[in-house]
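Every chain is numbered from 1 and lettered A, B, ... according to where its sequence line falls, protein lines coming before strand lines. The figures that follow rest on heavy atoms only: side chains count, while hydrogens, waters and symmetry mates do not.
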There are 2 protein chains.
Amino acid sequence: MTTVLIADDQPLQRFGFRMLLESQDDITVLGEASNGSEAIRMTAEQHPDVVLMDIRMPGLDGIEATRRIVATGGRTRVLILTTFDLDEYAHAGLRAGASGFLIKDAQPEELLSGIRSVATGDAVVAPSLTRRLLDAYAHHLPAATVTDSPDPRLTTLTDREREILTVIGRGWTNTEIATRLHLAESTVKTHVGRILAKTGSRDRIQAVILAYDTRLVEPS
Amino acid sequence: MTTVLIADDQPLQRFGFRMLLESQDDITVLGEASNGSEAIRMTAEQHPDVVLMDIRMPGLDGIEATRRIVATGGRTRVLILTTFDLDEYAHAGLRAGASGFLIKDAQPEELLSGIRSVATGDAVVAPSLTRRLLDAYAHHLPAATVTDSPDPRLTTLTDREREILTVIGRGWTNTEIATRLHLAESTVKTHVGRILAKTGSRDRIQAVILAYDTRLVEPS
DNA sequence: AGGGGTGTGGTACCCCGGTACTACGGTGGC
DNA sequence: GCCACCGTAGTACCGGGGTACCACACCCCT
């Protein structure tokens with residue numbers, strides 16, 4: 001029997017996960033945490049096999065929570081689940097000691113098998129990330145120097161802005177960005193406006209092109 | 001990094017290819033398939049850049065597997081490798097949509113450069129075959145059949161529409177397209193509308209992304 | 001002689017994207 | 001303690017993009 005703790009700030013999201021997990025005979029949900037601090041406390045109390053960890057949470061975020069849970073040395077493994085397949089998140093999460101990194105739009109079967117893998121000590125990474133992770137970690141290999149030296153056109157952007165630019169490059173509309181990233185549309189517009197100003201793009205289309213040209217987004 | 005799937009029914013042959021490919025920094029072997037059906041399934045799961053495809057395999061053969069992989073419209077290119085330099089095989093393979101056709105007794109360097117060429121969208125044909133292929137196809141087409149095999153998502157577009165899509169991909173606005181191509185803006189809008197409808201893009205941004213993904217526009 | 005596809009053009013309408021502000025809590029630096 | 005930056009959020013406004021139509025000349029095919 002695999003025991004799981006769900007850590008996510010969105011009640012609806014937690015509900016969905018709980019429904020999915022509890023439909024499985026070999027998985028038990030021990031509880032739900034709505035932020036990083038709660039996740040740490042509940043892990044210390046209940047010692048779940050796996051913590052299903054969202055990254056973006058109010059207060060202590062998922063990365064830091066992962067770091068502290070892993071640091072305790074318990075047998076609990078952390079499987080990070082996020083909306084984004086952004087490189088920074090993956091790197092940070094895996095550096096923090098996570099055993100896996102999946103994307104929320106994965107198939108339910110993927111999530112379940114990921115949990116089982118992590119519980120048995122294996123590691124899982126979302127297919128869409130694997131490639132870029134390999135690229136990034138292949139410093140020793142030639143041609144990797146190019147990829148991880150940030151394009152000068154992007155250096156003035158903040159991390160958040162680069163995130164937003166990435167999803168702009170994937171074709172998301174402002175409303176989609178707002179809903180999927182849990183932001184107000186006005187906030188998205190503020191971000192987009194600053195990105196356009198900083199990169200000298202006249203509209204989001206130029207930004208999409210920039211995202212491709214700087215390899216922030218790869219053609220698929 | 002170029003990812004490759006090896007499809008061959010002989011384990012020893014697969015082993016040889018894998019050793020050769022993995023000795024290269026820029027090539028990764030994603031997996032091995034021992035027949036056509038497996039090749040199709042693994043391609044659907046792993047989306048290699050290139051499938052190294054043997055023709056003679058039990059069950060579904062390499063030609064039919066190539067046809068189905070190409071029909072999915074993914075970016076995976078098929079490089080057919082066979083023991084024989086028979087014309088029928090080459091014709092059938094290239095008609096099936098293969099991007100290349102090499103013979104197994106080729107030099108290792110030839111195979112490697114062939115894989116790299118195919119991965120970037122070019123096509124290769126074994127020197128011993130080229131002549132006869134040209135002769136056979138010369139009657140019908142001016143050599144364009146293989147090299148610019150258009151992405152299936154673009155085949156329904158007219159030449160003019162592909163032209164417009166290209167400049168959309170370069171970030172031109174409707175008014176820019178109109179003035180630079182000496183058209184009325186209403187005409188441009190008509191074209192754009194048809195392009196969006198045919199390609200299933202909801203707005204020009206999706207079209208820009210499509211232009212990049214189909215390599216109609218190259219990142220610079 | 002008709003018909004379908006293509007390239008061109010027009011009108012009217014609505015909505016999203018982008019701009020121009022303002023604002024405020026948190027964090028980190030000095 | 002203060003200031004700068006960042007991420008968040010709001011309002012108001014305008015213009016381009018996209019849609020839904022229609023129209024017509026040209027070409028190719030049967």
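Whole-Å rounding puts the B:Leu183 CG to C:dG10 C1' distance at 14 Å. Rounded to an integer number of Å, the gap from NZ of A:Lys189 to P of D:dC13 is 13 Å. In this structure, B:Ile164 atom CD1 and C:dT6 atom P are separated by 14 Å, rounded to whole Å.
Contact annotation for B:Thr173: backbone-only contact, meaning every heavy-atom pair under 4.0 Å involves sugar-phosphate atoms and none involves a base. The residue A:Thr158 sits close only to the backbone: its heavy atoms come under 4.0 Å of sugar-phosphate atoms, none of a base.
In this structure, of C:dG17, C:dT8, D:dG17, it is C:dG17 that holds the atom nearest to the side chain of A:Glu185. Looking at the side chain of B:Arg160, the nearest of the listed nucleotides C:dG7, D:dG7, D:dG17 is C:dG7.
Remark: the B:Thr3 side chain and the B:Asp49 side chain contain an N/O donor-acceptor pair separated by less than 3.5 Å. Looking at B:Arg41 and B:Gln46, their side chains never bring a donor and an acceptor atom within 3.5 Å of each other.
Using a 4.0 Å cut-off, some side-chain N or O of A:Ser186 falls inside it from OP1 or OP2 of D:dG10. Using a 4.0 Å cut-off, no side-chain N or O of B:Asn174 falls inside it from OP1 or OP2 of D:dG16. When the side-chain nitrogen and oxygen atoms of A:Thr187 are compared with OP1 and OP2 of D:dA9, one or more of them lie within a distance under 4.0 Å. Between B:His191 and C:dT8 there is a side-chain polar atom (N or O) within less than 4.0 angstrom of OP1 or OP2.
For B:Arg202 against D:dT19, a side-chain-to-base donor-acceptor contact under 3.5 Å is absent. Judged by distance alone, with hydrogens and angles left aside, A:Arg194 brings a side-chain donor or acceptor within reach of the base of D:dT8, the pair sitting under 3.5 Å.
The side-chain contact (heavy atoms from CB on, under 4.5 Å) test with A:Phe17 is passed by exactly one of A:Ile115, A:Asp54, A:Leu111, A:Val29: A:Leu111.
For the pair A:Ala184 and A:Lys198, nearest-nucleotide mapping onto DNA chain D gives the more 5' position to A:Lys198. Residues B:Thr190 and A:Ala197 each lie close to DNA chain C; by heavy-atom proximity, the contact nearer the 5' end of the strand is made by B:Thr190.
With respect to A:Asp9 and A:Arg14, no salt bridge is recorded, no charged nitrogen being found less than 4.0 Å from a carboxylate O. In this structure, B:Glu163 does not pair ionically with B:Arg170, as no charged nitrogen and carboxylate oxygen lie closer than 4.0 Å.
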